[in-house]
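Each remark here refers to the structure printed beneath this line.
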There are 2 protein chains.
Amino acid sequence: MIEHQNLSEPIYDRLKEMIVSGELKPGEKIVQEKIAELLGVSRTPLMKALLALENDFLLESIPRRGMYVKTLNDKELYDIYVCREALEGMAARILAESNDSKQIAQLKNCFKSFNSENKINSNAYTKADEAFHSLLIKLTGNAPLDKIYFFGSIYEKVINRGLLRPPEETLKEHHSIIKAIEEGDPYLAEKNAREHIQKSRILLLNK
Amino acid sequence: MIEHQNLSEPIYDRLKEMIVSGELKPGEKIVQEKIAELLGVSRTPLMKALLALENDFLLESIPRRGMYVKTLNDKELYDIYVCREALEGMAARILAESNDSKQIAQLKNCFKSFNSENKINSNAYTKADEAFHSLLIKLTGNAPLDKIYFFGSIYEKVINRGLLRPPEETLKEHHSIIKAIEEGDPYLAEKNAREHIQKSRILLLNK
DNA sequence: TTAATGTATTTTGTATACAAAATACAAATA
DNA sequence: TATTTGTATTTTGTATACAAAATACATTAA
């Protein structure tokens, strides 16, 4: 079955899913031949996908030893939140500066189903949360920013440990970020976005 | 010559140098077989290096067409400076928080040879500048931050267009960043670091 | 002359083959 | 028994082989 598309891409997607879902457990070794056979491909395109996943912080490579599913310790998780704070803060600032009503509508749309409800479905909210934070970055139109913001992949892994804070609490904060963007207040937008991440970050310390 | 070390790493280093130095020109296509032969290796380890370089924003891949040396347009360069502003600002804040005299000494050391001199060697200063900004990130001990901060590789490419601002001007700013860190003032350290990048960023707009 | 078409060549994407390092495990030694 | 040593097996790193897509180029038709 030699059919020249980009095999690496579907492999990458599949493996990412397997890692995030826990099908491949943290610390587990990726034995290339086994995974290749499992996915029905050769080691060559698999290797490409593995390298991409390493760059996403989902795999860890020890030269001459192999690739392992990354186990995020508390320090690393904390450090990722530090990066998120800086990057999402900047993203919020940029969006507030451009103050685009279409963009604001998109941001609002993430949480529209939760506004009127009294009881928030935790699973649906987690998805919305992820979409919102990812959208915040995407809407800036800053390609390098989007490239380095690989934390989305890790997000689900974090969530699997249990939501850090109740939706009722974070929903307010999300809206305050959007509101500052809508008011065209870059300083406040950045401040709100940063404080939002910071609150979760601090919780990670006492875990 | 089959000798199992990590060929990919030296290949990566060599290619990075060739790109940064301009031996490989922006927009130039990387013909795998040619480069492989030039470096005396096969396409397999070369491919690994190419993928890493793509992740560093130094190469651009068009599926089924090939890899090309990235041509940074003004918008992308500007966007990179936006990221730098966020990340280096955060780094300066962190260093100010920990307020470690050893770290501060290291930072000062970057510019020690320029303090007493009246005429600054532009070439040496460029190297010092690069070392300083890279060190700022490294000293935080934040691995994800260091991983996403690939801009150092691009730095020289930018500089090749000509220094954005005279050393006399930026040297002061560098010292003001260090000073704020030394005084343990996270807010000021972040502010100074950000303004430092911002000033260069704004210049990029009028180019 | 210009545009279109078909063929040859080049180049990428993938699979496979093989060498050397790493690992597992059994036998030998203390 | 615990530790070392040697051998077999596994697995990675690299090279090569080959198919299909992309490109170059010449030939033909308008």
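The sequence lines fix the lettering, A, B, ..., with proteins before strands; numbering per chain opens at 1. Computed from a predicted model, the values in this text were never measured in an experiment.
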Check: So which nucleotide from dT12(C), dA15(C), dA15(D) ends up closest to the side chain of Arg64(B)?
Finding: dT12(C)

Note to self: So that I can tick it off, tell me whether Glu88(B) and Arg201(B) are bridged by a salt bridge, with the cut-off set at under 4.0 angstrom between side-chain N and carboxylate O.
What the structure shows: no

Check: If you look at every strand shown and take non-hydrogen atoms under 4.0 Å, does Ile11(B) touch a base, only sugar-phosphate, or nothing?
Finding: nothing

Note to self: Measure CD/Glu33(A) against P/dA22(C) and give the value in whole Å, please.
What the structure shows: 19 Å

Check: Which part of the nucleic acid does Ile30(A) contact within heavy-atom distance under 4.0 Å: base, sugar-phosphate only, or nothing?
Finding: sugar-phosphate

Note to self: From CD1 of Ile35(B) over to C1' of dT12(C), roughly how many Å is that when rounded to an integer?
What the structure shows: 15 Å

Notebook entry, point to check: Tell me: NZ of Lys48(B) to C1' of dT14(D), nearest whole Å?
Noted result: 8 Å

Item checked: Arg65(B) (side chain) and dG13(C) (base): donor-acceptor pair under 3.5 Å -> no

Next item on the list: Grab the CE-P distance between Met47(A) and dA15(D) for me, whole Å please.
Entry: 14 Å

Notebook entry, point to check: With nearest nucleotides of DNA chain C determined for Thr44(A) and Lys29(A) from heavy-atom distances, which residue corresponds to the more 5′ nucleotide?
Noted result: Thr44(A)

Notebook entry, point to check: Between atom CD1 in Ile62(A) and atom P in dT11(D), what is the gap in whole Å?
Noted result: 16 Å

Check: Are any of Ser8(B)'s side-chain N or O atoms less than 4.0 Å away from OP1 or OP2 of dT14(D)?
Finding: yes

Next item on the list: Could you label the plane-to-plane angle of the Phe111(B) and Phe114(B) rings as parallel, tilted or perpendicular, counting under 30° as parallel and over 60° as perpendicular?
Entry: tilted

Check: Is the shortest side-chain N/O distance from Ser42(B) to OP1 or OP2 of dA15(D) below 4.0 Å?
Finding: yes

Check: Rounded to the nearest Å, what distance is computed from the CD atom of residue Gln32(B) to the P atom of nucleotide dT16(D)?
Finding: 15 Å

Checklist line | First of Arg43(A) and Pro63(A) reached from the 5' end of DNA chain C, by closest nucleotide | finding: Arg43(A)

Next item on the list: Round to a whole Å and report the spacing from CD of Glu28(B) to P of dT11(C).
Entry: 13 Å

Item checked: Under-4.0 Å salt bridge between Glu195(B) and Lys191(B) -> yes

Notebook entry, point to check: Does the pair Lys147(B)/Glu76(A) count as a salt bridge with the N-to-O cut at 4.0 Å?
Noted result: no

Item checked: No-hydrogen, no-angle side-chain donor-acceptor test under 3.5 Å, Asp129(B) and His133(B) -> yes

Margin query: Nearest whole Å is fine: how far is dT12(D) P from Leu7(B) CG?
Written below: 17 Å

